[in-house]
Colleague: 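Got a structure for you, written out below as structure tokens; questions coming shortly.
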Amino acid sequence: MTDEPTLKKNFLTEEIEADFASGRYTGKILTRFPPEPNGYLHIGHAKAICIDFGLAQQYGGGTNLRMDDTNPSKEEQEYIDAIQDDIRWLGYEWKNLLYASDYFQQLYDWAIELIKAGLAYVDDQTADEMRANRGTLTEPGKNSPFRDRSVEENLDLFTRMKNGEFDEGSRVLRAKIDMASPNIVMRDPTMYRIMKAHHPRTGDKWCIYPMYDYAHGQSDWLEGITHSLCSLEFKNNRQLYEWFIDRIAEVSGFPEGVKHKTRQIEFARGNISYMITSKRKLLKLITDGIVEGWNDPRMPTIRGMRRRGFTPGSIKRFWDEAGVAKRENLLEYAKLESFLRDELNKIAQRRMAVLDPIKLVITNYPEGQVEVMDVPNNPENPDDGKRQVPFSGELYIEREDFMEDAPKKFFRLSVGKEVRLRCGYWVTCTDVVKDEEGNIIQLNCTYDPQTRGGNNPPPDAEGKQRKVKGTLHWVSAEHAVDAEVRLYEHLFTKPKAEEGELMDNINADSLKIVNAKVEPSLVDAKPGDPIQFERLGYFTPDITTSDEKIVFNRTVTLKDSWAKMQGK
RNA sequence: UGGCCUGUAGUUCAAUUGGCGGAACGCCUGAUUCUGGUUCAGGAGGUUGAAGGUUCAAGUCCUUCCAGGCCAGCCA
């Protein structure tokens with residue numbers, strides 16, 4: 001987790017290296033991550049974070065974290081704080097924490113210069129009129145009747161817009177470019193709209209707020225960003241991004257201390273099967289009560305995944321291995337799970353927990369006896385040592401580890417069969433106890449005292465070694481602790497979860513809550529601690545866990561080739 | 001019937017820039033194992049979207065076609 005994954009070669013690294021080789025840039029690479037503080041970061045943002053921070057790190061540069069706070073009607077301080085927390089959790093640190101709103105005055109001053117140069121005008125058309133006159137994908141637009149106002153009138157109107165003299169929606173400032181451009185982004189784009197909203201940072205100072213297109217490029221430029229890496233849908237906007245900077249450079253020159261223009265390069269965002277990242281849809285899951293909130297362990301948010309038990313390392317490695325390109329994609333959730341398991345396998349403490357308990361009674365075990373068994377905390381890492389687990393004549397094992405009419409391939413318990421209880425004893429099932437309805441309520445077994453600790457018994461007189469195929473996990477009934485365990489599945493039934501009507505694809509079984517019996521040492525586990533319940537999967541205590549009620553989240557199951565065989 | 005972008009194993013990406021198409025994940029075998037996990041060894045899987053062309057040689061260059069994506073917010 002401490003060593004950063006080395007990023008693979010891709011078209012971004014190629015371009016970046018070319019930019020330094022050609023002398024376009026000297027010095028250090030500087031990127032930026034520009035989240036809009038109107039929601040929580042999700043797995044898709046994590047890709048951008050890995051690229052923006054990871055690439056800069058790889059080339060010895062830095063990354064500015066810039067809150068894209070140009071729309072106060074949707075943005076809140078709560079998100080500004082959460083975003084920083086999530087980025088740090090992922091393991092990245094920014095060079096500077098900045099806000100687009102830091103540049104509101106500069107942006108305004110430049111707008112004045114653009115107006116003076118005849119490159120911007122105040123438009124009195126309604127939003128509907130503007131839309132009608134914008135033309136369509138195949139037809140050019142029409143010039144606004146207000147397009148040729150005098151500089152003086154534009155200056156007067158724009159100043160009054162700023163002073164709050166006009167109603168919201170009554171006027172906008174537009175760049176004067178080309179209403180017939182085949183790139184619709186260039187058809188006199190809006191630079192400022194009137195918005196009388198309270199801004200978390202600038203308060204009530206401004207009645208006008210800049211649009212993304214007018215704010216983003218210049219923010220990059222002012223900060224001396226070398227590479228502004230963003231997703232594909234901004235490809236069309238790049239022409240405008242460059243237009244603003246070029247025009248401002250002509251009209252006002254470069255800002256103090258700024259030597260170069262920023263290069264925007266677009267890459268494809270990453271989609272993952274069974275997950276969605278649309279903020280609107282995610283919010284609907286919450287408002288419709290499908291999930292608990294932004295940090296529900298089933299949510300693809302950083303907070304949700306963190307609560308679920310994901311590690312930052314696995315998320316970073318996933319995006320690193322996924323690569324970067326320019327095509328639409330749908331990564332398999334299995335790939336994410338693979339890197340998750342890989343890391344968890346190395347660090348997770350092993351414990352025993354029985355999710356669906358059935359009582360196992362050892363009929364020949366001395367009544368009332370309790371033994372303490374040494375069990376390794378992590379066989380993958382002997383340095384983690386061993387712990388002591390109480391063993392007795394009354395245990396719980398997993399209901400599905402017993403079968404009455406077992407097929408030959410069933411390596412677990414069945415009447416007449418012998419199995420190993422992990423680090424306990426070898427037991428043979430003699431008979432079962434059923435209730436009136438015929439349900440099995442207890443398994444009676446005998447144990448072999450020569451197998452203490454789960455070890456092989458000595459060979460028989462002919463030197464033959466007795467063997468068992470199966471090893472089961474267990475907890476001592478008397479010592480077991482009750483715990484609630486939350487078992488998660490995909491939130492959606494279709495891999496392309498984003499497709500079609502959201503509510504048609506909801507997996508009704510995405511959360512299953514069971515009452516488990518767990519070994520006593522688990523009472524000390526803390527939220528975030530990676531724990532493997534042996535033979536079941538990786539779990540971590542939920543943030544709601546308490547002394548009164550222990551709660552675990554299942555992060556991911558172990559691979560299960562038995563279940564796979566059954567499925568066939 | 002506009003502009004721009006993208007098509008390479010099931011999936012995501014590579015292919016030294018024109019020189020024998022690979023990896024990861026997934027899938028299938030086998031070995032090992034006190035977790036049906038891990039680990040190890042091996043295997044299957046490709047008309048490089050299609051058709052033409054240039055070339056000794058094309059995934060890579062050219063032409064045409066097909067499919068998919070983005071853009072018509074006073075969102076980002």
Side-chain angles (χ1 to χ4, degrees), chain A residues 8-10 14 34-36 38 68 70-71 73-74 123 125-127 130-132 134-141 168-174 180-187 189-195 208-209 211-213 215-216 230-239 266 268 270 272-273 279 318 321-339 341-342 345-346 350 352 375-376 379-380 409-412 420-424 426 451 453-456 468-473 495 532-537 557-565:
Chain A
K8 295 199 292 191
K9 260 189 69 177
N10 57 50
E14 216 166 280
E36 186 190 8
N38 70 344
D68 212 341
T70 57
N71 189 345
S73 67
K74 307 200 300 189
D123 195 342
Q125 291 183 106
T126 64
M130 274 181 64
R131 187 180 319 113
R134 187 149 30 228
T136 68
L137 296 176
T138 50
E139 302 157 37
E168 287 190 10
S170 61
R171 285 178 172 82
V172 293
L173 183 72
R174 291 231 255 173
S181 173
N183 182 357
I184 294 177
V185 170
M186 300 300 279
R187 319 243 260 230
T190 302
M191 295 166 62
Y192 276 94
R193 74 285 217 190
I194 298 169
M195 204 178 266
I208 54 171
Y209 289 92
M211 300 288 289
Y212 165 86
D213 283 310
H216 191 80
C230 62
S231 48
L232 245 32
E233 67 262 35
F234 293 103
K235 178 69 204 291
N236 294 324
N237 300 249
R238 191 168 80 214
Q239 197 182 348
E266 309 84 11
I272 302 174
S273 62
K279 262 177 209 166
F318 170 75
E321 301 276 343
V324 189
K326 296 209 267 189
R327 27 183 134 131
E328 288 300 308
N329 58 73
L330 186 67
L331 284 129
E332 286 171 341
Y333 188 84
K335 193 172 186 125
L336 220 200
E337 284 185 318
S338 164
F339 295 126
R341 289 193 186 107
D342 187 59
N345 177 49
K346 292 175 194 141
R350 295 324 101 133
M352 289 197 281
V375 184
E380 301 294 315
K409 291 275 201 173
F410 187 76
F411 301 151
R412 283 110 102 145
R420 181 199 334 267
L421 295 178
R422 166 125 246 238
C423 297
W426 290 23
T451 58
N455 291 313
N456 292 352
V468 283
K469 280 291 255 183
T471 298
L472 310 185
H473 59 276
Q532 183 195 100
F533 289 172
E534 295 221 29
R535 305 209 302 133
L536 296 174
T557 61
L558 248 29
K559 279 210 275 187
D560 189 347
S561 54
W562 170 244
K564 192 179 283 181
M565 275 171 69

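The chains referred to below are lettered A, B, ... by the order of the sequence lines, with proteins before strands, and numbering in each begins at 1.
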Colleague: Mind checking whether W562(A) and F411(A) have ring centres under 6.0 Å apart?
Modeller: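 When the ring centroids of W562(A) and F411(A) are compared, they turn out to be at least 6.0 Å apart.
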Colleague: Distances under 3.5 Å only, N/O to N/O: pair up the protein atoms with those of nucleotides 15-17 of chain B.
Modeller:
residue	atom	partner	partner atom	Å
U17(B)	O4	E14(A)	OE1	3.3
U17(B)	O4	E14(A)	OE2	2.7

Colleague: For I272(A) and C25(B), give me the distance from atom CD1 to atom P, rounded to whole Å.
Modeller: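 It is 17 Å, rounded to the nearest whole Å.
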Colleague: With side chains defined as the heavy atoms from C-beta onward, is the minimum distance between Q125(A) and R174(A) less than 4.5 Å?
Modeller: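 Yes, their side chains come closer than 4.5 Å.
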Colleague: Would you say M195(A) and I208(A) make side-chain contact, with heavy atoms under 4.5 Å?
Modeller: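 When only atoms from C-beta onward are counted, I208(A) and M195(A) do not touch, as no gap falls below 4.5 Å.
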Colleague: Looking at the angle O4'-C1'-N9-C4 for a purine or O4'-C1'-N1-C2 for a pyrimidine, is G53(B) syn or anti, with syn meaning within 90° of 0?
Modeller: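 G53(B): anti glycosidic orientation.
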Colleague: Can you tell me how far P in G49(B) sits from the matching atom in G21(B), rounded to whole Å?
Modeller: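 Going atom to atom, P in each nucleotide, I get 15 Å.
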Colleague: Determine whether a donor-acceptor pair (one donor, one acceptor, N or O, separation below 3.5 Å) exists between the side chain of E332(A) and the base of G10(B).
Modeller: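 Check passes, donor-acceptor contact within cut-off.
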Colleague: Compare all side-chain heavy atoms of L536(A) with those of H473(A) and state whether any distance is below 4.5 angstrom.
Modeller: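 Touching, per the 4.5 Å side-chain cut-off.
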Colleague: Side chain of R422(A) only, please: which of U35(B), C13(B), G36(B) is the nearest?
Modeller: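 Comparing U35(B), C13(B), G36(B) against the side chain of R422(A), the answer is U35(B).
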Colleague: By the 4.0 Å heavy-atom rule, please label V468(A) as base, sugar-phosphate, or nothing.
Modeller: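 It contacts nothing in the nucleic acid.
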Colleague: Test of understanding: with salt bridge (Lys or Arg N to Asp or Glu O under 4.0 Å), list the residues that count as partners of R350(A), not counting sequence neighbours.
Modeller: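 R350(A) satisfies salt bridge (Lys or Arg N to Asp or Glu O under 4.0 Å) with no residue once adjacent residues are dropped.
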Colleague: Just wondering, more than 12 heavy atoms not from K469(A) lying within 6.0 Å of its NZ?
Modeller: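 Count not over threshold, so no.
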Colleague: Hey, is E266(A) close enough to K326(A) for a salt bridge, meaning N to O under 4.0 Å?
Modeller: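 Here E266(A) does not pair with K326(A) in a salt bridge, since their nearest N and O are not under 4.0 Å apart.
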Colleague: Please step through side-chain contact (heavy atoms from CB on, under 4.5 Å) for the pair L558(A) and D560(A), ending with a clear verdict.
Modeller: CA-CA 6 Å; L558(A) 248 29; D560(A) 189 347; over 6 Å; no
Colleague: Please tabulate the protein-to-nucleotide N/O contacts below 3.5 Å involving nucleotides 39-43 of chain B, giving atom names and distances.
Modeller:
none

Colleague: Report yes if at least one side-chain N or O of K326(A) is closer than 4.0 Å to OP1 or OP2 of U6(B); otherwise report no.
Modeller: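 Yes, within the criterion.
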Colleague: Between F339(A) and F410(A), which residue's closest nucleotide on RNA chain B lies nearer the 5′ terminus?
Modeller: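 Here F339(A) is the residue nearer the 5' end.
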Colleague: Take the protein atom CG of D560(A) and the nucleotide atom C1' of G36(B), then report the distance between them rounded to whole Å.
Modeller: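 So the CG-C1' distance, D560(A) to G36(B), works out to 7 Å.
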Colleague: Taking the C1' atom of each, how far is A57(B) from G2(B), in whole Å?
Modeller: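 To the nearest whole Å, 39 Å.
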Colleague: Which is true for N455(A) with a 4.0 Å heavy-atom rule: it touches a base, it touches only sugar-phosphate, or it touches nothing?
Modeller: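 Base: the residue N455(A), judged by heavy atoms under 4.0 Å, touches a nucleobase.
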Colleague: In whole angstroms, how far is the C1' atom of C5(B) from the CD atom of Q239(A)?
Modeller: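 Distance, rounded to whole Å: 14 Å.
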Colleague: Strictly below 4.0 Å: does R535(A) bring a side-chain N or O up to OP1 or OP2 of G36(B)?
Modeller: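 Yes, R535(A) has a side-chain N/O under 4.0 Å of OP1/OP2 on G36(B).
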Colleague: For L331(A) and C25(B), what is the distance between atoms CG and P respectively, to the nearest whole Å?
Modeller: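 Distance check: L331(A) CG to C25(B) P gives 14 Å.
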Colleague: Within the modelled atom types, does a donor on one side and an acceptor on the other bring the side chain of R327(A) and the base of U12(B) under 3.5 Å apart?
Modeller: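 Such a pair does not exist between side chain and base.
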Colleague: In this structure, how many angstroms lie between the P atom of C25(B) and the CG atom of N329(A), rounded?
Modeller: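 It is 18 Å, rounded to the nearest whole Å.
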Colleague: Can you check each nucleotide of nucleotides 67-76 of chain B against protein heavy atoms at under 4.0 Å and return B for base, S for sugar-phosphate only, - for none, in 5' to 3' order?
Modeller: --SBBBSBSB
Colleague: Could you tell me how far apart R420(A) (CZ) and G36(B) (P) are, to the nearest whole angstrom?
Modeller: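 So the two atoms are 10 Å apart, to the nearest Å.
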Colleague: Does the pair D342(A)/K346(A) count as a salt bridge with the N-to-O cut at 4.0 Å?
Modeller: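 Answer for the salt bridge query: yes.
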Colleague: What integer number of Å spans the P atoms of C56(B) and U47(B)?
Modeller: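 About 28 Å, rounded to a whole number of Å.
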Colleague: Need one value for Q532(A): base, sugar-phosphate or nothing, where a base atom within 4.0 Å counts as base even if backbone is also close, heavy atoms only.
Modeller: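 Base, at least one base heavy atom under 4.0 Å.
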Colleague: Which value, in whole Å, describes the distance between the C1' atoms of nucleotides C62(B) and G45(B)?
Modeller: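 Each nucleotide's C1' atom is 33 Å from the other's.
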Colleague: Has N329(A) got a side-chain atom pairing as donor or acceptor with R327(A)'s backbone, closer than 3.5 angstrom?
Modeller: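 Here the side-chain-to-backbone pair exists.
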Colleague: In dot-bracket form, 5' to 3', how is RNA chain B paired? Count Watson-Crick and G-U wobble pairs only if both distances fall under 3.5 Å, and write | where the partner sits on another strand.
Modeller: .((((((..((((.....[..)))).(((((.......))))).....(((((..]....))))))))))).....
Colleague: For A268(A) and for L421(A), locate the closest nucleotide of RNA chain B by heavy-atom distance; then report the residue assigned to the nucleotide nearer the 5' terminus.
Modeller: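 Nearest nucleotide further toward 5': that of A268(A).
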Colleague: Rounded to whole Å, how long is the line connecting atom CZ of R412(A) with atom P of G36(B)?
Modeller: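 The distance from CZ of R412(A) to P of G36(B) comes to 7 Å, rounded to the nearest Å.
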Colleague: Is the glycosidic angle of U17(B) within 90° of 0, making it syn, or outside that range, making it anti?
Modeller: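 It is syn.
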Colleague: Taking side chain as C-beta onward, heavy atoms only, is N71(A) less than 4.5 Å from E36(A)?
Modeller: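 N71(A) vs E36(A): side chains touch.
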Colleague: Collect all protein-nucleotide pairs involving nucleotides 47-49 of chain B in which both atoms are nitrogen or oxygen and the distance is under 3.5 Å.
Modeller:
none

Colleague: Look only at the side chain of R420(A) and the backbone of G454(A), and say whether a donor-acceptor pair between them is shorter than 3.5 Å.
Modeller: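 It does hold such a pair.
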Colleague: Between G10(B) and A44(B), how far is it from one P atom to the other, in whole Å?
Modeller: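 Pairwise P distance, G10(B) against A44(B), rounds to 15 Å.
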Colleague: For L536(A), answer base if it contacts any base atom (sugar-phosphate contacts may also be present), sugar-phosphate if it contacts only those atoms, and nothing otherwise; contact means non-hydrogen atoms under 4.0 Å.
Modeller: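 It contacts nothing in the nucleic acid.
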Colleague: Can you tell me, in whole Å, how much space there is between the P of U64(B) and that of C4(B)?
Modeller: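 Approximately 13 Å lies between the P atom of U64(B) and that of C4(B).
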Colleague: With a 4.5 Å heavy-atom cut-off, do W426(A) and V468(A) have their side chains touching?
Modeller: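 Heavy-atom side-chain distance check passes, below 4.5 Å.
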Colleague: If the P atom of C27(B) is compared with that of C66(B), how far apart are they to the nearest Å?
Modeller: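 To the nearest whole Å, 39 Å.
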Colleague: Checking all strands, does R187(A) fall into the base, sugar-phosphate, or nothing category for heavy-atom contacts under 4.0 angstrom?
Modeller: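 Result for R187(A) = nothing.
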Colleague: At under 4.0 Å between heavy atoms, what does K469(A) touch on the DNA or RNA strands: base, sugar-phosphate, or nothing?
Modeller: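 Nothing, no heavy atom under 4.0 Å.
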Colleague: Using the rule given for side-chain contact (heavy atoms from CB on, under 4.5 Å), can you reason through I184(A) versus L137(A), listing the C-alpha separation, both sets of side-chain angles and the distance that settles it, and then say yes or no?
Modeller: CA-CA 7 Å; I184(A) 294 177; L137(A) 296 176; 3.4 Å; yes
Colleague: Given the rule in the side-chain contact (heavy atoms from CB on, under 4.5 Å) test, do I194(A) and R171(A) qualify, once you have shown the distances and angles that lead to the verdict?
Modeller: CA-CA 7 Å; I194(A) 298 169; R171(A) 285 178 172 82; 4.3 Å; yes
Colleague: Hey, mind stepping through R422(A) and L472(A) against side-chain contact (heavy atoms from CB on, under 4.5 Å) and telling me if it holds?
Modeller: CA-CA 6 Å; R422(A) 166 125 246 238; L472(A) 310 185; over 6 Å; no
Colleague: So that I know where these two stand, are F318(A) and Y333(A) an aromatic pair - ring centroids less than 6.0 Å apart?
Modeller: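 Centroid separation for F318(A) and Y333(A): 6.0 Å or greater.
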Colleague: So, does K564(A) get its side chain near the phosphate of G36(B), meaning an N or O under 4.0 Å from OP1 or OP2?
Modeller: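 The answer is no; no side-chain N or O of K564(A) sits under 4.0 Å from OP1 or OP2.
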Colleague: Could you give the distance separating A67(B) and C75(B) at their P atoms, to the nearest angstrom?
Modeller: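 Taking atom P in both C75(B) and A67(B), they lie 35 Å apart.
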Colleague: Any side-chain heavy-atom pair from F339(A) and K335(A) closer than 4.5 angstrom?
Modeller: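 F339(A) reaches K335(A) side chain to side chain.
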Colleague: Tell me: CG of L558(A) to C1' of U38(B), nearest whole Å?
Modeller: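 In whole Å, U38(B) C1' and L558(A) CG are 9 Å from each other.
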Colleague: Is there a side-chain contact between R341(A) and T557(A) (heavy atoms, below 4.5 Å)?
Modeller: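 Yes, at least one pair of side-chain atoms sits under 4.5 Å.
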Colleague: Using side-chain heavy atoms (C-beta onward) and a distance below 4.5 Å, is M130(A) in contact with T190(A)?
Modeller: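 Yes; the side chains approach each other to less than 4.5 Å.
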